[in-house]
Amino acid sequence: VYTFSTVIHAFFKQGKLEDAKRVLSEMEDRRCNPNVVTYNTLIHGYCKIGDLTEAIGLKNAMCEKGLVPDVFTYSALMNGLCKVRRVTEAREVLVEMLEVGLMPNEVIYTTLIDGYMKGGEIEEAFKLKDEMVVRGIQPNVFTFNTLIRGICKVGKSQEANMLLTEMMEMGLRPDCRTYTSVIEGRCKEGNMVEAFRLLDEMAKRNIAPSVVTYSVIINWLCKAGDMERAHQVFKQMEERGLMPNSMVYTTLISSHCRQGNTEDAFKLLYEMVKRRIVPD
RNA sequence: CUGGCAUAAUAAGA
């Protein structure tokens, strides 16, 4: 069962839905009964491709076979529902969990919080954070990153800083994603000085910026029309040994195009092709 | 009965 489940997972990761299905039927042919993990893997796979009908069907099927859904089952389903903007239904799944006596964990709550945040229901997201604490579930770095990204998106950097402080007081170490969100929040306000100060602060705290961190800064410099500094940061990124990806190139290329500078745009396109970075 | 191995959540462009 372990082997089959692993193979199904691998196929889903590559988007090979048909192959995953074939493995499942082979399992059944060999009377190797799928267990909770097998079902969770399938449910997660269907959720990722947005096929909630199939995912929900599988959850019902496993119940009919006498298998009991666990937190993995519920979180996969909730995440799937959230990603297709069916947050209310995701919430109902949480209610169902509680009804059957399953204790939600920080993953469950973070999933829902993210669903509400991305749906613009910020107040509800924070209510859930309080609710999890009341239940004795500690928010973790994922939870804080989700909250911080959400409020940064709506331009509340001050509140983001308060959350940053709060998480550190809890003994949680902000990571690269935490900073990337906060940096984008500052960029969005047009406060590049603070954005660069935060990049510096990361270095001091030994938190390595990623390609995404740099791409956020590059993107906002481009938006401001400051191509010169955008390229400086691009260079800095490469000097740190980070390989630019197609997203970073797209940011620069489209910005050059908008400025009517097709020459530099093509230069970059050739450069990325030469470096075996596939344009998308 | 105890333990181990497979499955779930967070950041950027067009």
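Below, read A as the first sequence line, B as the second, and so on, with proteins coming before strands; counting in each chain starts at 1. Model, not experiment: these values are computed from the prediction.
Atom CG in L52(A) sits about 14 Å away from atom C1' in A8(B), given to the nearest Å. Atom CG of L42(A) is separated from atom P of A6(B) by 18 Å (rounded to the nearest Å). Rounded to whole Å, atom P of U7(B) lies 16 Å from atom CG of N79(A). Computed from coordinates, the L94(A) CG to A8(B) C1' distance equals 15 Å when rounded to whole Å. Computed from coordinates, the K188(A) NZ to A11(B) C1' distance equals 13 Å when rounded to whole Å.
Other residues, nucleotides and ligands contribute over 12 non-hydrogen atoms within 6.0 Å of the CZ atom of R275(A). Residue Q14(A) qualifies as enclosed at atom CD: its count of foreign heavy atoms under 6.0 Å is above 12.
The closest side-chain heavy-atom distance from L199(A) to Q236(A) is below 4.5 Å. Using a 4.5 Å cut-off on side-chain heavy atoms (C-beta onward), P279(A) and Y249(A) make no contact.
Side-chain proximity of N105(A) to the nucleotides A8(B), A9(B), A11(B) is greatest for A8(B). The listed nucleotides are C5(B), A9(B), A12(B); the one nearest the side chain of Y2(A) is C5(B). Of the candidates A9(B), U7(B), G13(B), U7(B) carries the atom nearest the H9(A) side chain, counting heavy atoms from C-beta on. Among G13(B), A8(B), A11(B), the nucleotide with an atom closest to any side-chain atom of H44(A) is A8(B). Listed candidates were A9(B), G13(B), A11(B). Nearest to the side chain of T251(A) is G13(B). Ranking A6(B), U10(B), A12(B) by closeness to the F142(A) side chain, first place goes to U10(B). Side-chain proximity of S254(A) to A8(B), A14(B), A11(B): nearest is A14(B). When distances are taken from the side chain of D114(A) to each of A11(B), U10(B), A12(B), the shortest belongs to U10(B). In the set U10(B), A12(B), A6(B), A12(B) carries the atom at the smallest distance from any side-chain atom of K153(A).
Contacts of S255(A) with the nucleic acid, taken as non-hydrogen atoms under 4.0 Å apart, are absent. Looking at heavy-atom distances under 4.0 Å, T111(A) makes contact with sugar-phosphate atoms alone, never a base. Residue contacts shown for K13(A) are absent, as no nucleic acid heavy atom lies under 4.0 Å away.
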